[in-house]
Amino acid sequence: MEQLEQLLLIFLAGVALAALARRVGAPYPVFLAIGGAALALLPNAPSFTMAPDLALAIFVAPVLLDAAYDASVRDLRDNWLPVASLVVVAVALTTAAVAAVAHALVPSMPWPAAVALGALVAPPDAVAATAVLRQVRPPQRIITVLEGESLLNDATALLIYRVAVGAVAAGSYALSDVAPAFLLGVVGSLVAGPVFAWAVLWVSGRIDHVPTAIIVQFVSTLGVWLAAEALGLSAVLTTVVFAIALARKAPQRISARMRIPTNAVWNTAVFALNILAFVFIGLQLRPILDALAEQDRARYLEIAVAVLVTVIVVRMAWHMSFNAVVRWRIRRSGRQPRKRVLMRPTVGSGLVISWSGMRGIVTLAAAMALPVEFPFRDLILFTAFAVVLGTLAIQGLTLKPLLKALDLHDDDPVGREWSAARERALQAALASLEGAPAHIGAPLRKEFQARLGIVEPGNTALQRGARDYSDIRLDAIRAARDTIIAMRGGGEIGDDAFHCLEQELDWLEMTS
């Protein structure tokens with residue numbers, strides 16, 4: 001009972017901190033992590049620990065699937081170059097730079113251990129960044145790039161991390177040894193993700209009971225993560241591909257009656273997991289400090305600060321250089337980016353993306369998963385914690401003022417696409433009513449014009465008890481849904497606009 005009481009106290013404290021953060025306009029992950037660290041230092045404070053592998057599966061898998069499911073594949077494809085530069089190059093440069101700094105400060109640290117430290121602190125966690133960004137409505141391209149980075153950079157970093165840990169165990173670090181594992185992790189994940197999605201959709205399509213369906217979804221999410229780990233694949237990449245594959249097929253196979261409560265449960269669960277994850281980060285301060293000898297703390301703090309500065313500087317140096325080259329190429333060619341890219345790269349957008357490098361639960365959980373006998377494990381764990389807490393505090397608390405100072409805006413591309421899709425969906429729904437009996441078609445036209453058009457709602461007293469009325473109404477909704485699905489499939493609208501219209505049509509269908 002004592003552990004349950006501690007967990008409830010931690011969760012309630014996290015909810016209160018999140019509410020306080022919203023009240024003062026600060027990013028709630030920052031408040032949660034700092035609050036957790038302060039809580040950990042109190043006498044007789046509750047403790048909350050779990051196995052690192054379990055922490056990754058519980059805290060990362062559902063949140064990652066939720067983000068990947070809503071990601072716009074079209075927008076990611078249009079912005080593939082800046083996303084790839086952050087996912088691959090920025091992670092590789094940060095890993096190398098941190099490894100070099102750590103080895104220079106601690107010459108006795110083996111290179112594979114230094115590389116493992118670099119890989120741990122290389123991938124930013126975009127949960128905190130997007131929590132700030134969405135409060136001030138930045139240009140959509142910035143959100144697209146940061147969310148795309150967050151979906152994939154953990155996969156790159158964890159692959160390097162796994163190889164480095166394996167090199168320590170094997171006592172060697174040859175390219176011929178690591179290349180097969182790297183290729184298997186990438187290619188295998190790209191294949192396994194859609195296969196898992198097909199299996200889950202096949203099972204889910206045969207379940208009509210909403211609570212059962214929701215449980216199956218959560219179990220399958222954790223099951224995909226665990227299966228990928230067991231097969232030696234990248235759990236992060238497999239989960240991302242799995243979620244994207246689900247998002248392309250689920251709208252046609254899952255009814256609104258199932259989707260609406262499922263979305264509500266997922267939103268609540270993801271928020272709860274984020275609360276626990278960032279409080280969990282702060283609570284690790286006590287066990288980390290307890291594991292350190294008193295004489296090591298000052299020296300370890302110096303190393304941790306050096307690594308913290310390195311991860312911030314390397315990200316800024318790389319992305320601002322990349323941003324400058326892209327802008328130079330645009331000026332030289334005289335061509336504007338394609339309209340769908342959403343926003344021309346600017347110095348301001350480069351600064352925001354460069355400064356959105358907060359680290360999170362993946363960094364800390366992977367550090368805690370290091371074997372007990374791993375060289376310099378205590379130093380690595382302390383440094384990882386310092387980087388997570390430092391980036392959350394320094395960058396997290398200053399990102400919103402930076403955005404306000406830069407005053408970045410775009411022409412609301414999601415709003416434009418949403419309006420266009422709404423109009424097309426209305427036209428499709430009205431066209432499907434041609435030939436319907438007047439006493440049924442007339443009120444239905446008024447309802448659809450009131451819900452999807454610009455006509456003010458009139459008297460829509462409908463005879464919902466009539467079977468033919470309901471059937472015709474559902475046909476009209478299906479026509480509208482098929483239209484926006486086709487628009488997304490053809491690249492005319494992105495997933496953000498699609499999901500807005502999908503929700504409206506879901507509520508229409510629920511009232512049938």
Side-chain angles (χ1 to χ4, degrees), residues 27 29-30 67 71-72 75-95 97 121-157 308-330 337-338 340-360 362-363 387 390-411 413-414 494 496:
V30 180
S72 176
D75 293 344
L76 288 176
R77 186 169 57 245
D78 286 344
N79 291 279
W80 73 268
L81 190 57
V83 172
S85 77
L86 293 170
V87 168
V88 179
V89 183
V91 168
L93 288 177
T94 303
T95 300
V121 299
D125 183 296
V127 173
T130 53
V132 181
L133 293 171
R134 292 192 181 278
Q135 293 177 1
V136 291
R137 295 179 61 84
Q140 182 67 20
R141 178 180 179 274
I142 292 177
I143 294 178
T144 298
V145 171
L146 289 175
E147 290 183 343
E149 177 194 14
S150 71
L151 294 179
L152 301 170
N153 60 7
D154 290 336
T156 305
L308 172 61
V309 172
T310 300
V311 300
I312 293 175
V313 170
V314 169
R315 179 182 176 89
M316 290 201 67
W318 164 249
H319 188 72
M320 291 307 296
S321 300
F322 172 84
N323 182 277
V325 170
V326 172
R327 288 185 288 110
W328 172 78
R329 289 190 62 184
I330 292 174
R338 286 177 298 169
R340 250 177 22 204
V341 173
L342 308 179
M343 173 187 170
R344 179 174 179 162
T346 63
V347 174
S349 67
L351 285 172
V352 172
I353 293 173
S354 298
W355 198 243
S356 302
M358 290 81 84
R359 273 59 178 176
V362 172
T363 292
V387 169
T391 54
L392 282 172
I394 296 171
Q395 295 178 310
L397 292 175
T398 56
L399 186 56
K400 186 174 180 178
L402 175 64
L403 274 164
K404 288 187 174 181
L406 293 172
D407 194 26
L408 301 177
H409 299 285
D410 59 10
D411 59 349
V414 174
D496 294 298

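In this structure the side chain of Thr144 never reaches within 4.5 angstrom of the side chain of Ser72, judged on heavy atoms. Residues Glu149 and Pro123 fail the side-chain proximity criterion, which asks for heavy atoms closer than 4.5 Å. Residues Leu86 and Arg315 are in side-chain contact: their nearest non-hydrogen atoms beyond the backbone lie under 4.5 Å apart. Side chains of Leu403 and Trp355 form no contact here, defined as non-hydrogen atoms less than 4.5 Å apart. Side-chain contact between Leu351 and Thr346: absent, with no pair of heavy atoms (C-beta onward) separated by less than 4.5 Å. For the pair Pro124 and Arg359, the minimum side-chain heavy-atom distance is below 4.5 Å. At least one side-chain heavy atom of Pro345 sits less than 4.5 Å from a side-chain heavy atom of Ile330. The side-chain heavy atoms of Ser356 and Leu399, taken from C-beta on, include a pair separated by under 4.5 Å.
Here the CG-CZ distance, from Leu146 to Arg141, works out to 10.0 Å after rounding to the nearest 0.5 Å. Here the OG atom belonging to Ser321 is positioned 10.5 Å from the CE atom belonging to Met316, to the nearest 0.5 angstrom.
Minimum heavy-atom separation, Ala393 to Val30: CA-CG1, 4.1 Å. Residues Ser354 and Gln395 come closest through the heavy atom pair O-NE2, 4.2 Å. In this structure, Val145 and Pro82 approach most closely via the heavy-atom pair CG2-CG, 4.1 Å. When all heavy atoms of Val91 and Ala122 are compared, the pair lying nearest together is O-CB, 3.7 Å. The nearest pair of heavy atoms linking Leu151 to Leu76 is CD1-CD1, 4.4 Å. Considering all non-hydrogen atoms of both residues, Ser150 and Asn153 come closest at O-OD1, 3.7 Å.
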Show the numbers, then the answer: is there a side-chain contact (heavy atoms from CB on, under 4.5 Å) between Ile394 and Met358?
-> CA-CA 9 Å; Ile394 296 171; Met358 290 81 84; over 6 Å; no

side-chain contact (heavy atoms from CB on, under 4.5 Å) assessment of Phe322 paired with Leu81 = CA-CA 10 Å; Phe322 172 84; Leu81 190 57; 3.8 Å; yes

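Between Gln140 and Asp75, the side chains place no donor N or O within less than 3.5 Å of an acceptor N or O (distance only, hydrogens not considered).
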